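Every number for a ligand or one of its atoms is a count from 1 in the order of the listing. Small disclaimer: the values here were computed from a predicted structure and weren't measured.
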Amino acid sequence: MRIAKFAILFLLLNISFAKDIINNSFITEYEYGAMLYENPRGIGCNKCHDRGDKSVVIAKYKDKKNETKTLKAPPINKVSYEKFVDVLTTKRGSSNIMPSYFLTDDEIKSIYFYIKNLKK
Ligand code: HEC
């Protein structure tokens, strides 16, 4: 009887350890978001937005009147989730610089999570 109790306890312990191991082997939402941010099936967000916390100059060019123009990507870590989703799900016209993406709701959520929690 005693041995059986120990055996059960041992089994239960093992199960909870196994669960820990499985949980730890999954990548976190932060890591998943980071991965998508740099490789969102298309040009990486980081290529234009860098770390997303400041305005980034993408290019400087001269227009027809020979005036220097700067093309900038805005900071993206302060926008609301609604806006974030909107920008990433709206089909963008050719006049826009930012490309269109085909990300799922969960992928957008993870990128947003990453941008919001970016480690310094
Ligand atoms: C080729 C450069 C480029 C890439 C790549 C890019 N963006 Fe942008 N993004 C821009 C520019 C430029 C704007 C300003 C609006 C516009 O012209 O489309 C912008 C606007 C935004 C905005 C709206 C910010 C605001 O305050 O209005 C969000 C959010 C955003 N980008 C997120 C992303 C995410 C997330 C990715 C990756 C999945 C990404 N962008 C990839 C250039 C880029």
Ligand-side contact atoms (ligand 1) for residue partner Lys83, heavy atom cut-off under 4.0 Å: 25 (C), 26 (O), 27 (O)
Tyr37 contact mode with ligand 1 (heavy-atom cut-off under 4.0 Å): neither
Asp63: side chain to side chain donor-acceptor pair (under 3.5 Å) partners, not counting sequence neighbours: Lys69
Lys72, any N or O under 3.5 Å of ligand 1 N or O: no
Glu107 with Arg41: basic N within carboxylate O range, under 4.0 Å: yes
Atom indices of ligand 1 within 4.0 angstrom of Val87 heavy atoms, with elements: 22 (C), 23 (C), 28 (C)
Phe84 neighbourhood, listing ligand 1 atoms whose heavy-atom distance to it stays under 4.0 Å: 29 (C), 35 (C)
Short N or O distance, His49 and ligand 1, threshold 3.5 Å exclusive: yes
Asn77 and Leu118, any side-chain heavy atoms less than 4.5 Å apart: no
Note, Pro74 side chain near Ser55 side chain (heavy atom, < 4.5 Å): no
Test item: Tyr114 and Leu36 side chains (from C-beta on) under 4.5 Å apart, heavy atoms: no
Under 4.0 Å to a heavy atom of Cys48 - the qualifying atoms of ligand 1, by number: 1 (C), 2 (C), 3 (C), 4 (C), 5 (C), 42 (C), 43 (C)
Atoms in ligand 1 with a heavy atom of Ile43 nearer than 4.0 Å: 5 (C)
Option with minimal heavy-atom separation from atom 13 (C) of ligand 1, where the choices are Pro74, Pro75, Gly44: Pro74
Option whose closest heavy atom lies nearest to atom 20 (C) of ligand 1, chosen from Lys78, Met98, Arg41: Met98
Check: Lys72 and Val56 side chains under 4.5 Å, non-hydrogen atoms: no
Electrostatic pair Lys54-Asp50, nearest N-O below 4.0 angstrom: yes
Mutual orientation of the aromatic rings belonging to Tyr30 and Phe113 [parallel < 30°, tilted 30-60°, perpendicular > 60°]: perpendicular
Which of the ligand 1 atoms, numbered from 1, are nearer than 4.0 Å to a heavy atom of Pro99: 1 (C), 3 (C), 4 (C), 5 (C)
Ligand 1 versus Leu36: contacting region, heavy-atom distance under 4.0 Å: neither
Contact check: Cys45 to atom 8 (Fe) of ligand 1, N/O/S below 2.8 Å: no
Any Ile76 side-chain heavy atom under 4.5 Å of Tyr37 side chain: yes
Sub-4.0 Å atoms of ligand 1 with respect to non-hydrogen atoms of Val79: 24 (C), 25 (C), 26 (O), 29 (C)
